[in-house]
Amino acid sequence: MSISRRAFLQSSLAGGAALTAFGFDVAPLYAQAKTLKISRTSETRSTCPYCSVSCGVIIHTLGDKAKNAVPQVVHVEGDPDHPINRGTLCPKGASLEQEISNPRRLVTPQVRRPGSDHWEDIAWDQALDEISRRVKTTRDATFIEKDPRGRTVNRCEGIAWNGGCTDTNEFNYLVVKTMRSLGVCYLENQARV
Amino acid sequence: MRDSWQRRIDRAGHLAERDPAARPLLVVYSRLLSLQRDSYEMFRRRADRLTGSLDRDLSAVRPCVAPMLTVVAEIGPPRLADEAGRILDGAAAALDAMLLAGWRATSGQQFFSKIALQPYAEYLAAIDVRPLDRDGPRGKYVCPFCGGAPQLSILDGARDPDGGGRQLLCGTCSTVWPFRRVLCAQCGEEDEHRLGYYHSPAFDHLRVDACDTCRHYLKTVDLTRLGIAVPVVDEVAGAPLDLWALEHDYQKIELNLVGL
């Protein structure tokens with residue numbers, strides 16, 4: 001009994017019957033298939049952003065590629081095929097999904113005013129204006145052109161920068177360029193990828 | 001990772017009790033597994049005579065086929081039952097030719113050669129006697145032991161507790177071999193935008209891994225979600241997913257024993 005399985009199955013289904021390529025009756029299962037809620041998920045290989053180990057991860061994104069559907073990350077796991085971590089992840093890496101999809105993630109700048117006991121949302125333009133003004137004021141007040149022995153140093157000791165571990169390589173490049181141009185010496189971050 | 005025949009039969013029985021829709025299919029499948037188990041035991045008793053060349057091993061394989069045909073003629077669907085009767089009444093040469101043709105194909109689309117040759121191939125793999133006369137293409141995505149097409153894939157947490165590494169299971173000899181997670185097992189597509197898996201909460205530990213480039217799919221049994229699953233059996237029990245995939249114009253890489 002050699003048959004073209006695809007043609008057979010398709011003609012069976014189209015004809016109202018539900019037989020497999022070998023003739024087994026799957027009518028009840030076909031009815032069940034009609035009720036299934038099926039979702040499409042894609043797996044994207046990537047690199048954990050947290051530390052210099054650079055573990056491979058697989059990001060599961062739910063979404064059927066429809067134009068009006070917003071893809072949503074539903075799971076992140078270690079990549080078993082990655083030579084560095086072979087599927088394992090540390091607790092920070094294992095929580096990556098919460099870093100991507102987190103209702104508590106800040107999406108606007110916030111400020112806590114002097115004397116205030118809470119953070120308040122402010123607009124991006126306002127935040128940029130205030131930061132620029134304070135950087136200018138602080139730098140002007142604390143900039144050191146020459147050290148006590150008269151040597152030119154051009155440094156700003158009134159400002160420090162501390163970057164986070166998920167800052168990207170490109171972001172850190174710009175940070176270094178900006179801080180060095182201001183004369184900031186106290187410059188640190190934890191990102192190494 | 002080959003599950004014992006008894007474990008497969010027990011799992012089929014357990015799933016048949018739990019799922020009324022799949023019960024008729026699983027009851028028959030369980031009988032087919034029993035036939036294959038008996039056949040496997042016959043090969044075990046004749047191990048010293050098996051060479052890996054079906055031409056030469058036909059004398060050992062042929063006696064296993066008759067009981068299978070008899071039972072299929074009794075319990076099989078009408079089309080298979082008629083076919084079984086015809087083969088039983090036909091000449092031995094025709095049976096031999098059917099078995100040899102099935103053996104030489106890398107993908108089993110013929111029920112009787114599939115049911116008869118799976119235990120033979122599985123026993124050859126168990127005793128590490130390589131098949132000699134399978135002349136299909138030995139591509140990158142076929143079984144490294146016998147050259148058969150993959151029946152399903154497995155995400156196994158037991159072997160690699162942290163990893164959930166992927167393995168493919170051969171549809172012919174049940175050999176399991178490691179395979180990359182994000183890669184089509186039919187055409188080798190690795191573009192993540194062309195690959196995806198379909199999942200239903202009704203079958204939480206099963207998923208349909210599909211490729212939009214070649215429109216092929218295979219089912220994955222996720223043992224990290226359900227460690228007691230028996231991949232070949234749970235794959236059959238997940239038949240509604242096959243029917244869904246078929247309706248969405250995906251073609252399975254390798255048919256299972258019930259033709260899905």
Side-chain angles (χ1 to χ4, degrees), chain A residues 1-10 12-14 18-46 55-65 71 74-75 77-82 85-90 93-94, chain B residues 19-25 28-29 76-83 98 101-102 109-114 155 160-166 178 180-183 192-193 195-203 207-208 210 239-244 246-249 251-252 255 257-260:
Chain A
M1 186 181 189
S2 185
I3 46 181
S4 163
R5 64 195 197 193
R6 193 174 184 202
F8 182 85
L9 273 161
Q10 287 187 326
S12 296
L13 295 174
L19 302 176
T20 71
F22 295 153
F24 290 93
D25 181 7
V26 286
L29 297 167
Y30 185 53
Q32 189 183 358
K34 290 287 190 185
T35 67
L36 292 180
K37 290 182 179 173
I38 303 264
S39 55
R40 179 188 170 104
T41 305
S42 60
E43 295 176 303
T44 307
R45 301 179 72 213
S46 188
C55 293
V57 295
I58 296 178
I59 301 170
H60 296 241
T61 309
L62 185 67
D64 59 0
K65 298 199 284 188
V74 291
H75 182 47
E77 63 176 321
D79 182 352
D81 302 317
H82 199 280
N85 57 318
R86 301 202 304 183
T88 61
L89 283 178
C90 75
Chain B
D19 187 350
R23 186 173 301 143
L25 189 67
V28 174
Y29 180 60
R79 191 183 292 256
L80 281 185
D82 291 348
E83 185 80 8
M98 180 195 75
Q109 298 187 37
Q110 214 279 358
F111 173 80
F112 291 103
S113 60
K114 187 184 270 286
L155 299 183
D160 184 8
D162 297 307
R166 186 188 191 197
R180 279 170 51 191
R181 275 284 293 272
V182 189
L183 184 69
E192 290 135 354
H193 298 100
L195 301 169
Y197 65 84
Y198 295 91
H199 178 261
S200 166
F203 298 96
R207 62 188 222 186
V208 173
L241 294 174
D242 290 299
L243 297 168
W244 179 89
L246 180 74
E247 281 221 309
H248 288 78
D249 205 27
Q251 184 177 357
K252 201 171 189 183
L255 288 180
L257 199 54
V258 298
L260 279 176

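Below, chains carry the letters A, B, ... as their sequence lines are ordered, and counting in each starts from 1. Only this structure's heavy atoms are used, side chains among them; waters, hydrogens and symmetry mates stay out. Everything numeric here is computed off the predicted structure, so don't read it as measured data.
Looking at B:Arg23, there are no atoms closer than 4.5 Å to chain A (heavy atoms on both sides), in backbone or side chain. Using a 4.5 Å cut-off between heavy atoms, A:Ile58 contacts chain B through its side chain alone, with no backbone atom that close. If you measure heavy-atom distances from B:Val28 to chain A, the contacts under 4.5 Å come from the side chain alone.
The residue among B:Tyr198, B:Tyr197, B:Trp244 with the most heavy atom pairs within less than 4.5 Å of chain A is B:Tyr197.
B:Ala21 pairs by the side chain to side chain contact (heavy atoms under 4.5 Å, CB included) definition with A:Pro28, A:Leu29, A:Gln32, B:Asp19, not counting sequence neighbours. Considering only residues two or more places apart in sequence or on other chains, A:Asn85 meets the side-chain hydrogen bond (donor to acceptor under 3.5 Å, both in side chains) condition with A:His82.
Formation of a donor-acceptor pair under 3.5 Å by the A:Thr41 side chain with backbone atoms of A:His60 is not found in this model.
B:Leu195 and B:Leu183 get closest at one heavy-atom pair: CD1-N, 3.8 Å.
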